[in-house]
Amino acid sequence: MKAINWKMALPVLALANVLVIQGCGTSNSANTPNSAASSNAADTSNEAPVTINWWHAMSGTNGKVLDQIVKDFNASQSHVVVKATFQGAYDELLNKVKATMGSKSGPALVQMNDVNTRFMIDSQAITPVQTLIDRDKYDISELEPNILNYYTVNNQLYSMPFNTSNDIFYYNKDLFKAAGLDPEKPPATFEEVEAAAKALTKDGVTGYAFYIEPWDMEQSFAKQGELYVNNDNGRSGEAATESLMNSEAGVKTLSFWKDMIDNKNAQFFGRVSADAQKAFTAGKVAMLTGSTGALRGMVEGAKGKFEVGTGFFPIPAGSSKEGGVAIGGGSNWIMNDKSQEEQDAAWEFIKYLSSAKVQALWHVSTGYFPTTTAAYDEQIVKDNLVKYPQFNAAVEQLHQSKSNYASQGASLGVFQEMRNFYSTAVEEAINGASPQEALDKAAKSSTEAIQKYNDTNK
Amino acid sequence: MTSRLRKFKEAAFGYGFLLPSLAGFSVFLFYPFLKSFYLSLHSMNPRGQIVEFVGFDNFIDILTSDHFYQSLKTTFFFALLTIPACIFIAVCLALLTYKKNKINLIFQLIFASTIAVPIGNASVIWKLLFHPTAGMFNYFLSLFGISPVGWLTNPAYALLSVSMMTVWISIGFTYLLLLSGIKGIPEDLYESAKIDGAGSFSIVRRITLPLLSPVLFFISVISVISALQSFSQINILTEGGPVNSTNVVVYDLYQEAFVNYRFGTGSAQAIILFLIILLFTIIQFRLSERKVHYS
């Protein structure tokens, strides 16, 4: 009875959703011209505080925390006023940033996700934060080295990491117990996951939840210590020219997922991570991989039903190369078409965001990692790790990562496009094509896109 | 002299009336069209800025890639799935409800109501209906013991699912046009047919449909155009997936232009699509000269 009622409420919810979305849309478009105008006004007067615009992609809870941080910053000093505007998810934000590059209407500071790092560098529309770090002799020794590695290209830190996450393994401890598996020892290899999935699949429970998340494949390469694109993942000076996603590491990973789905030990959720997570918290699937950003939601969702366990992202047994997790998330970029005054103001704000206090607050309220190791000394972070011990696996995974070109992750300008090709390849494989065949096709398309990008990137 | 001046004045007066709409067309139609053509002859850098003039290279790239023909095929398939079904259902509904009475008034309101639903909202609602575990369709199937269908995740069903939604939303407008068309048919024709002893089926076949042919023709032209230009529902429901099974031309060119920032190839695709639609419209007009009955 309850279930039926809920289903009948869906259209109403949908309508409410639409209203909310429309509301966001109008408020955005109304904000932009206003804030642009006020930043221009700031140029001409030296007395008034410098106003800068910060465009970001954080909505929901994360957006609220971010607004609070901005408010605190504005209240803490009188030189800089930051106006934060949510501009849609990363893709949408990127499109808006592209459209304003070279015009007056853009922001001084932009948050952008990990995979668009190369594009932002190539755009030549940004000021590398390295120049400001060098100028001010700003101490970055406390920043998390594994995070800095990702954003360091050609020995320069181009943007300041702000929100970082990490791909981890989630499992249902109660179902592990019921299936006779050790609930304190999460499977670490593909083979162990497959065996566990087989044991867990019974009585309406499916062992593993698989959904298409290109980040998972990138993670698998990094953990196995294999390159995702050639030329040292595009990180050693020469731009990448070829996708390597159809190499053995990729085929192995995709076969691992496909076999579990073919054997009915895994359920396939398309491209929708939320559906897989819902099934996990409902106790219908026992294992999945996902971002640390989802940890809080999963633990809360499972409250009173079962205990959530976490572990490292699995790798194939016997892979001997050194690797580690390539971090995900985003960083902040200073745009160079703004006055020096505004760029300095943005830099002030970046330093504030990187402080231990702010990173601690950001971490405990969102699930992103602190970018500075000093944050772990803050009491709220310690309390949080007691409350959510599951987070320890993620922190350990990050700290155990060996830094090399593989674990730094690929750096290229058409990452989003490559991810689309990859997602299509997974769909093809799950619908019958062989993993090798599907990945060959995606690698070929990706290589073409990379070359097109390199040709026109002048 | 004076008559010339008067003629000129008259013409100027006429063009003056045309001016507002010409201005509107120029800003929103002619300028973008010319700009698209200009862009289609150039290559872009990753920021979307023009790098160099490449002649017809973009067109050649598109016309020699399997990918384009695949999305063209999907587009035509989509048109075939939506247009006949939509027109057939709308004709049936209009025939059932055109007579004037109170109950029909209610039905007319219901059947025409989808005209008032924005396609974005409709897509979001249908996305929930199609949801693999919480969706209403799979819930109904489960009542009959049928295992859940991956409406939007299975490449075999995705285009069909999007078409279902499209037929639903297009019925309102099509129905409204047909209804007014049927109402415009003089009552005396029906009466004399009845006196001659025609059954209701042959009245529909011999009188209603032929007299409705101008409306049907109009509907078929605009349906083909709008089907070939479909975008919103695909963007929201499937994003062209799974396995490109719903990657219609407009969605593909949107990706190319506004996601990959290659306005050159995106614009070239748009122009090719324009030529295809133009061709279809000309063919339809030629055919109609023989088939459509204008009274």
Side-chain angles (χ1 to χ4, degrees), chain A residues 3-4 6-8 10-15 17-19 21-22 91 94-95 97-99 101-102 118-119 122-125 211-212 267-272 275 278-279 282 284 413-414 416-417 420 423-433 438 445 448-449 452-458, chain B residues 42-52 54 61 65-67 117-118 120-140 142-143 148 150-156 158 236 238-245 247 255-262 264-265:
Chain A
I4 296 170
W6 182 61
K7 279 185 179 100
M8 293 196 335
L10 275 179
V12 181
L13 276 175
L15 218 80
N17 236 334
V18 169
L19 289 176
I21 291 165
Q22 282 185 335
D91 288 353
L94 177 68
N95 280 342
V97 172
K98 277 181 187 173
M101 275 178 182
R118 171 60 76 173
F119 170 79
D122 287 344
S123 75
Q124 294 173 3
Y211 58 95
I212 300 178
Q267 199 180 336
F268 178 49
F269 289 88
R271 300 189 186 196
V272 194
D275 289 350
K278 220 182 280 164
K284 286 188 173 158
V414 286
Q416 198 56 52
E417 214 181 337
N420 290 341
S423 299
T424 305
V426 177
E427 283 165 349
E428 281 172 348
I430 284 164
N431 285 293
S445 307
E448 281 168 13
K452 220 179 213 173
Y453 177 88
N454 291 343
D455 287 346
T456 55
N457 182 27
K458 292 167 188 162
Chain B
H42 292 81
S43 72
M44 313 286 141
N45 72 6
R47 271 173 67 176
Q49 294 159 327
I50 289 170
V51 174
E52 58 187 356
V54 295
D61 272 1
S65 82
D66 293 341
H67 183 77
V117 184
N121 299 21
S123 305
V124 172
I125 292 168
W126 277 73
K127 194 169 188 177
L128 290 170
L129 296 176
F130 283 134
H131 192 280
T133 49
M136 206 136 24
F137 291 148
N138 277 345
Y139 172 72
F140 288 138
S142 75
L143 294 181
W151 295 103
L152 298 172
T153 50
N154 186 335
I236 293 173
T238 61
E239 298 181 16
V243 204
N244 286 330
S245 59
N247 195 7
Q255 287 276 321
E256 189 67 8
F258 295 102
V259 178
N260 302 332
Y261 262 58
R262 287 193 285 267
T265 32

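As the structure is a prediction and not an experimental result, all values here were calculated from the model. Just the heavy atoms: all of them, side chains too, but no hydrogens, waters or symmetry mates, feed the values below.
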Discussion item. Quick check for you: to the nearest 0.5 Å, what is the distance between B:E239 atom CD and A:R271 atom CZ?
Written reply: 7.0 Å

Worksheet item: Between CD of A:Q124 and CZ of B:R47, what distance do you get to the nearest 0.5 Å?
Response: 8.0 Å

Fill in: Contacting region of A:A99 [heavy-atom separation from chain B under 4.5 Å]
both

Discussion item. Minimum heavy-atom separation for B:P46 and A:F119, please, with both atom names.
Written reply: O-CE1, 3.1 Å

Practice prompt. For B:Q255, check side chain to side chain contact (heavy atoms under 4.5 Å, CB included) against everything at least two apart and list the hits.
Written response: A:N420, B:Y251, B:V259

Response to the item:
Whatever's closer than 4.5 Å to a heavy atom in chain B on A:K284 counts as neither

Worksheet, complete the sentence: Given A:V272, A:T424, A:I430, the one with more heavy-atom pairs under 4.5 angstrom with chain B than any other is A:T424

Discussion item. Under a 4.5 Å cutoff for heavy-atom pairs, which residue among B:G240, B:P155, B:S43, B:G48 has the most contacts with chain A?
Written reply: B:P155

Discussion item. Can you list everything that forms a side chain to side chain contact (heavy atoms under 4.5 Å, CB included) with B:A257? Sequence neighbours excluded, please.
Written reply: B:F263

Fill in: B:F258, CZ atom: more than 12 neighbouring heavy atoms under 6.0 Å
no

Practice prompt. Side chain from CB out, backbone as N, CA, C, O: work out which of these in B:P132 comes under 4.5 Å of a heavy atom of chain A, or both, or neither.
Written response: side chain

Worksheet entry | Residue A:N431 versus chain B: region with a heavy atom under 4.5 Å | side chain

Discussion item. Let's test your reading of the structure: which of A:M101, A:E428, A:E417 forms the most heavy-atom pairs below 4.5 Å with chain B?
Written reply: A:E417

Worksheet item: Is chain B contacted by the side chain of A:N95, its backbone, both, or neither, given a heavy-atom distance below 4.5 Å?
Response: both

Worksheet item: Where does B:H67 contact chain A at under 4.5 Å (heavy atoms): side chain, backbone, both or neither?
Response: neither

